[in-house]
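Working notes for the structure below.
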Amino acid sequence: MSKNYWLVKSEPDVFSIDDLNKSPKQTTYWDGVRNYQARNTLRDEIKKGDLVLFYHSNADPLAIVGVCEVVKEGYPDFTAFDPDNNHYDPKSKADSPTWFMVDLKYQSKFKKPVTLEAIKQNPKLKNMKLIQRGNRLSVMSVSKDEFDEIINLSK
DNA sequence: GCCAACGTTGGC
DNA sequence: GCCAACGTTGGC
């Protein structure tokens, strides 16, 4: 089984890569995704051992800032069951959950963040979903070539 | 803070 | 099933 590559967005004011690094076991559950397309990715496609680019949105700079690893595959997002949680969704039931999440573990922080600007200017990355018009998905796939190019740019 | 580009909701 | 209204995302 070959490894797949992904990108997740997070607002660093809410949860940054440093927050992930400081989390217990450098691991967090990636909760709060409430979009069906992203849900399908989390539930069905992302596998243990896959690598994930960590992107800071609504930030300065806008950039991919590091890499994390999937340590637990899709399982029900329990924050949807908690009325006190910001991500509460009464339509999601414990016996037939609507929303899913994965666990991510910190792997590395780039010496040099790969900015959105640099990605837009790189012809090898012109097909990245991140820069396609109107893309607001918080979880998306990345090709191996794109992943490798991002790693090169970060050195 | 603005607003384009979505996705979702709900009346009909 | 259509579509207007509304809410959210996220770059600028």
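Every chain is numbered from 1 and lettered A, B, ... according to where its sequence line falls, protein lines coming before strand lines.
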Open item on the list: Quick one about A/Tyr75 and A/Asp103 (side-chain donor to acceptor, distance below 3.5 Å, no hydrogens or angles considered), yes or no?
Closed with: yes

Open item on the list: Just the rounded figure in Å: distance from C1' of B/dA4 to CD of A/Gln132.
Closed with: 17 Å

Open item on the list: As a quick check of understanding, evaluate side-chain hydrogen bond (donor to acceptor under 3.5 Å, both in side chains) for A/Glu149 and A/Asn122, giving each step before the final call.
Closed with: CA-CA 9 Å; A/Glu149 180 65 13; A/Asn122 188 321; 2.9 Å; yes

TODO: Can you tell me the distance, in whole Å, between the CG atom of A/Asp89 and the P atom of B/dT9?
DONE: 8 Å

Task: N/O (side chain, A/Arg133) to phosphate O (OP1/OP2, B/dC6) under 4.0 Å - done: yes

Open item on the list: Just the rounded figure in Å: distance from C1' of B/dA5 to CD1 of A/Ile131.
Closed with: 17 Å

Open item on the list: Output the rounded distance in Å from CG (A/Asn135) to C1' (C/dG10).
Closed with: 11 Å

Open item on the list: What is the separation between atom CG on A/Asn86 and atom P on C/dT8, rounded to the nearest whole Å?
Closed with: 11 Å

Open item on the list: Hydrophobic cluster membership, with links at side-chain heavy-atom distances under 4.5 Å among I/L/V/M/F/W/Y: are A/Phe54 and A/Val114 in one?
Closed with: no

Open item on the list: What's the closest nucleotide to the side chain of A/Leu62 if the choices are B/dG7, B/dT9, C/dC12?
Closed with: C/dC12

Task: For atom CZ of A/Arg136 and atom C1' of C/dG10, their distance in whole Å - done: 8 Å

Open item on the list: Looking at A/Lys9, I'd like to know whether one of its side-chain N or O atoms comes within less than 4.0 Å of OP1 or OP2 on C/dT8.
Closed with: no

TODO: Look at the aromatic rings of A/Trp30 and A/Phe15 and report parallel, tilted or perpendicular, splitting at 30° and 60°.
DONE: perpendicular

Open item on the list: Rounded to whole Å, please give me the gap between NE2 in A/His87 and C1' in C/dT8.
Closed with: 13 Å

TODO: Give the rounded distance in Å between these two atoms: OH of A/Tyr36 and P of B/dT8.
DONE: 7 Å

TODO: Report yes if a side-chain nitrogen or oxygen of A/Tyr55 is closer than 4.0 Å to either non-bridging phosphate oxygen (OP1 or OP2) of C/dG11; otherwise report no.
DONE: yes

